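These numbers come from the heavy atoms of this one structure, side chains and all, not from hydrogens, waters or symmetry mates. These numbers come from a predicted model, not from an experiment.
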Amino acid sequence: MYRRGAHLFAVLTAVFIFPLILVGAGVTSKGAGMAFPDWPTSDSHFVNPPGWLHNNAKLWEHGHRLIGWTVGMLAIASLAACWRTGGAVRAAAGGTLAMIVVQGVLGGLRVTEVSRALAMVHGIWGQLGFCLATVTALLTSASWCAVETAHEARGARFYQRGCFFASVCVLLQLGFGAAYRHFAWREALIGHILWAVVVILVLSWAAMWTLERYATVRPLSLLGRWLAALIAAQMILGGLAFLMKVMGAGWPAIAVWAAPTAHVAVGALIFACIVLMTICGFRMLQPAPLPHEERRTGTTAVTA
């Protein structure tokens with residue numbers, strides 16, 4: 001059953017997690033993760049430490065924490081609004097809140113333990129949490145609740161499995177990227193670049209297949225258009241980030257941190273988009289009977 005309040009809070013939670021990822025990526029790009037040596041306080045202050053607005057590193061890190069607290073409050077409200085719905089909706093909202101809590105703890109331990117490994121896990125976990133939040137928003141949407149029967153489509157099973165495979169490919173790509181950003185491993189960069197070829201091919205197939213065969217199936221068609229646009233943007237941002245690393249000096253200071261930061265943020269959107277396409281594919285599509293099965297069914301009906 002569609003509940004407007006549940007959908008509203010689910011969407012707000014997902015919307016606010018995205019700038020949390022964006023600012024978090026900016027914190028990493030600027031090397032501001034250790035701007036404060038303490039947690040959950042900031043320079044021993046629970047709210048706003050003195051002078052944080054005038055220090056660039058502290059501004060980014062404390063701003064990241066403030067957005068995180070806002071997201072936590074929204075996730076609690078979302079779970080309360082989704083509780084009456086029950087089932088998968090309640091589970092998704094509860095899972096989103098749990099992931100946000102774990103994300104906060106990981107971020108705090110990254111500071112207190114001065115751990116780059118935890119920083120990497122913190123970044124990947126945040127993208128997983130954003131993905132689950134978008135799933136909650138999908139499950140509470142009117143278009144999802146309006147689906148009564150799945151569309152029969154040739155190649156539906158292949159499409160469903162292909163989208164699932166694409167989701168796994170993107171997740172692996174996020175791991176390569178996070179390993180390079182936090183540890184500057186050359187092997188991680190090489191893996192990230194080479195695997196990007198596979199990811200682009202698989203995602204492009206998913207977008208084109210969706211737009212060609214399921215153009216009338218919403219929200220699959222909308223997700224397909226979004227995915228195509230995000231792939232183009234990510235290729236440009238990835239190329240810029242790579243050139244800045246290879247060519248080194250000479251680039252504007254703002255571009256040096258803005259391009260990698262935007263690259264991470266668009267990657268989170270791509271991951272959420274392909275996961276939503278996978279879920280919609282399994283929910284809204286079912287394999288159409290093969291021609292010989294249709295003939296067999298028709299013959300049986302005539303005989304009877």
Taking only residues at least two apart or on different chains, which pairs with a member in residues 102-118 satisfy salt bridge (charged side-chain N to carboxylate O under 4.0 Å, His left out)?
-> none
Who pairs with Asp43 by salt bridge (charged side-chain N to carboxylate O under 4.0 Å, His left out), at least two apart in sequence or on another chain?
-> Lys58
Using a 4.5 Å side-chain heavy-atom cut-off and chaining through intermediate ILVMFWY residues, the residues clustered with Leu66 come out as Trp52, Leu53, Leu59, Trp69
Sequence neighbours excluded, the answer for side-chain hydrogen bond (donor to acceptor under 3.5 Å, both in side chains) partners of Thr134 is none
Single-linkage hydrophobic cluster, 4.5 Å side-chain cutoff, Leu227 and Phe164 together | no
Rounded to the nearest 0.5 angstrom, the CD1-CG distance for Ile100 and Leu20 is 8.5 Å
Taking only residues at least two apart or on different chains, which pairs with a member in residues 117-132 satisfy side-chain hydrogen bond (donor to acceptor under 3.5 Å, both in side chains)?
-> Gln103-His122
Within 6.0 Å of CE in Met235, more than 12 heavy atoms from elsewhere = no
Quick one: does Pro37's side chain get under 4.5 Å of Val111's, heavy atoms only?
-> no
Could you walk me through whether Phe176 and Leu194 pass the side chain to side chain contact (heavy atoms under 4.5 Å, CB included) check?
-> CA-CA 10 Å; Phe176 280 129; Leu194 295 178; over 6 Å; no
Within 6.0 angstrom of Phe282 CZ, more than 12 heavy atoms from elsewhere = yes
Less than 4.5 Å apart, any side-chain heavy atom of Trp83 and any of Val89?
-> no
Write out all pairs satisfying side-chain hydrogen bond (donor to acceptor under 3.5 Å, both in side chains) with one or both partners inside residues 263-279, taking only residues at least two apart or from two chains.
-> Ser167-Thr278, Gln234-His263
Interatomic spacing from CG in Leu211 to CZ in Arg225 - rounded to 0.5 Å | 7.0 Å
Salt bridge (charged side-chain N to carboxylate O under 4.0 Å, His left out) involving Lys30 - partner list, sequence neighbours excluded | none
Are Leu79 and Val101 connected, step by step, through hydrophobic side chains (Ile, Leu, Val, Met, Phe, Trp, Tyr) whose heavy atoms are closer than 4.5 Å?
-> yes
Could you tell me the separation between the CZ atom of Phe158 and the CZ atom of Phe165, rounded to the nearest 0.5 Å?
-> 10.5 Å
Under the side chain to side chain contact (heavy atoms under 4.5 Å, CB included) rule, what do Leu220 and Leu285 come out as? Steps first, then yes or no, please.
-> CA-CA 10 Å; Leu220 262 181; Leu285 301 175; 3.9 Å; yes
Looking at side-chain heavy atoms only, is the closest gap between Thr28 and Thr261 below 4.5 Å?
-> no
Name all residues meeting the side-chain hydrogen bond (donor to acceptor under 3.5 Å, both in side chains) criterion together with Trp209; count only those two or more places apart in sequence or in a different chain, and write none if there are none.
-> Tyr214
Nearest non-hydrogen partners of Asp38 and Ser44, listed with the distance = OD2-N, 2.7 Å
Greater than 12 external heavy atoms within 6.0 Å of Phe271's CZ = yes
Donor-acceptor contact below 3.5 Å, side chain Arg90 vs main chain Cys82 | no
Backbone of Ala137 reached by a side-chain donor or acceptor of His7 within 3.5 Å | yes
Correct closest heavy-atom pair for Ala178 and Met120 would be CB-CG, 3.6 Å
Can you tell me how far the SG atom of Cys280 sits from the CD atom of Gln160, to the nearest 0.5 Å?
-> 11.5 Å
Would you check if there is a donor-acceptor pair between the side chains of Arg218 and Ser143 at a distance under 3.5 Å?
-> no
Closest non-hydrogen atoms of Leu223 and Cys273, given as atom of the first, atom of the second and distance, are O-SG, 3.3 Å
When rounded to the nearest 0.5 angstrom, what distance separates CG in Leu138 from CE in Met277?
-> 12.5 Å
Report whether Met208 and Leu201 are members of the same hydrophobic cluster (ILVMFWY, side-chain heavy atoms less than 4.5 Å apart, transitive linking).
-> no
Go through the steps for Trp205 and Ile200 under the test side chain to side chain contact (heavy atoms under 4.5 Å, CB included), then give the verdict.
-> CA-CA 8 Å; Trp205 162 82; Ile200 291 171; over 6 Å; no
Evaluate whether atom CH2 of Trp39 has more than 12 neighbouring non-hydrogen atoms of other residues, nucleotides or ligands under 6.0 angstrom away.
-> yes
Which atom pair, heavy atoms only, marks the closest approach of Ala166 to Ile274?
-> CB-CG1, 3.8 Å
Taking only residues two or more places apart in sequence, or in another chain, which ones meet Trp257 in a ring-ring contact (aromatic ring centres under 6.0 Å, His included)?
-> Trp60
If we only count heavy atoms from C-beta on, is the Arg3 to Cys145 side-chain gap below 4.5 Å?
-> no
Considering non-hydrogen atoms only, spot the tightest contact between Ala10 and Thr140 and give its length.
-> CB-OG1, 3.8 Å
Quick one: does Thr13's side chain get under 4.5 Å of Thr136's, heavy atoms only?
-> no
Set of side-chain hydrogen bond (donor to acceptor under 3.5 Å, both in side chains) partners for Ser78, sequence neighbours left out | none
Output all residues satisfying side-chain hydrogen bond (donor to acceptor under 3.5 Å, both in side chains) with Ser42, sequence neighbours left out; order by chain, then residue number.
-> His62, Arg65
Residue pairs fulfilling side-chain hydrogen bond (donor to acceptor under 3.5 Å, both in side chains) with at least one residue in residues 185-202, sequence neighbours excluded = Gln173-His192
Under 6.0 Å from the CD1 atom of Ile254, do we count more than 12 heavy atoms belonging to anything else shown?
-> no
Verify the cluster assignment for Trp226 and Leu269: are they in a single hydrophobic cluster under the rule of side-chain heavy atoms below 4.5 Å apart?
-> no
Interatomic spacing from CD1 in Ile76 to OG1 in Thr96 - rounded to 0.5 Å | 12.5 Å
Please name the pair of heavy atoms, one in Val15 and one in Pro19, separated by the smallest distance, quoted to 0.1 Å.
-> O-CD, 2.7 Å
Test side chain to side chain donor-acceptor pair (under 3.5 Å) on Ser141 and Tyr2 and set out the steps.
-> CA-CA 7 Å; Ser141 65; Tyr2 172 68; over 6 Å; no
Give a yes or no on whether Val71 and Val102 share a hydrophobic cluster (residues Ile, Leu, Val, Met, Phe, Trp, Tyr; joining criterion: side-chain heavy atoms under 4.5 Å apart).
-> yes
